[in-house]
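Written below as structure tokens is the structure these notes are about.
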Amino acid sequence: MRYWLMKSEPDVYSIDHLAGQKKKTDHWDGIRNYQARNFIRDDMSVGDLAFFYHSNCDEPGIVGIIEIVRSAYPDHTAFDPEEKYFDPKSDPDHPRWFMVDVRLKKKFRRGVLLKDIRAQKKLQKMRLVQRGNRLSILPVAKAEWNHILRMTGED
DNA sequence: GCCAACGTTGGC
DNA sequence: GCCAACGTTGGC
């Protein structure tokens, strides 16, 4: 069982979008970066937990917890020319991009903001707080996961 | 295979 | 809106 952090821009897809889905479950499409793809395709399993992170917004930070409920399968939005993330180099016979399904497990009453994470000595090694990190899928160490959970003040 | 140009991410 | 970081593209 692994821990992850998954970024989404709230203007595009926020935690409330996910909360409004049937069974609070949805696919996580649009990953178009090889490192991120390799993480979800090779290392992510059903039952893994991930922080839902709001990026590129007024208050970037972790806003809740999601659970992986389906392991990687081809991202069909790459096949559709109408889609924003269409990629002609991916086709159903040889899919290049993959996605997983996630279910909302918990929305924090108060998110853990990036600036608060940055202020934590014990979280300095997180890839999230290191400069220039643009990866949308990041592994999180168990100790870091627990530390952030404590910062929420919830169980 | 090198590397300049270009595009995207994302915090600030 | 700015800009640093960094991934991708394409000419050579």
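Chain naming here is simple, since letters A, B, ... match the order of the sequence lines and numbering starts at 1 in each. Below, each value reflects all heavy atoms present in this structure, side chains not excepted, and no hydrogens, waters or symmetry copies. A quick note: this is a predicted structure, and the numbers were derived from the prediction, not measured.
Note on Arg110(A) versus Glu154(A): no salt bridge recorded, every NZ/NE/NH1/NH2 to OD/OE distance being 4.0 Å or above. Using a cutoff of 4.0 Å between basic side-chain nitrogens and carboxylate oxygens, Asp42(A) and Arg37(A) are not scored as salt-bridged. Between Arg32(A) and Asp75(A), at least one side-chain N (NZ, or NE/NH1/NH2) sits under 4.0 Å from a carboxylate O, which counts as a salt bridge.
Residue Asn56(A) is the one, among Asn56(A) and Lys89(A), whose nearest nucleotide of DNA chain C lies closer to the 5' end (criterion: closest heavy atom). A residue-by-residue look at Arg134(A) and Arg96(A) shows that Arg134(A) has its nearest nucleotide of DNA chain C further toward the 5' end.
Looking at heavy-atom distances under 4.0 Å, Arg118(A) makes contact with sugar-phosphate atoms alone, never a base. Residue-level contact check: Lys115(A) touches neither bases nor backbone, having no heavy atom under 4.0 Å from any strand.
Trp28(A) and Asp101(A) share no side-chain donor-acceptor pair at under 3.5 Å.
When DNA chain B is scanned 5' to 3' for any atom under 4.0 Å from a heavy atom of chain A, the first and last hits are dG7(B) to dC12(B).
Other residues, nucleotides and ligands contribute only 12 or fewer heavy atoms inside 6.0 Å of the CD atom of Glu59(A).
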Could you walk me through whether Trp4(A) and Phe39(A) satisfy the ring-ring contact (aromatic ring centres under 6.0 Å, His included) test, starting with their C-alpha distance in whole Å, then the side-chain angles of each, then the deciding distance to 0.1 Å, before giving a yes or no? CA-CA 9 Å; Trp4(A) 303 94; Phe39(A) 278 140; 5.6 Å; yes
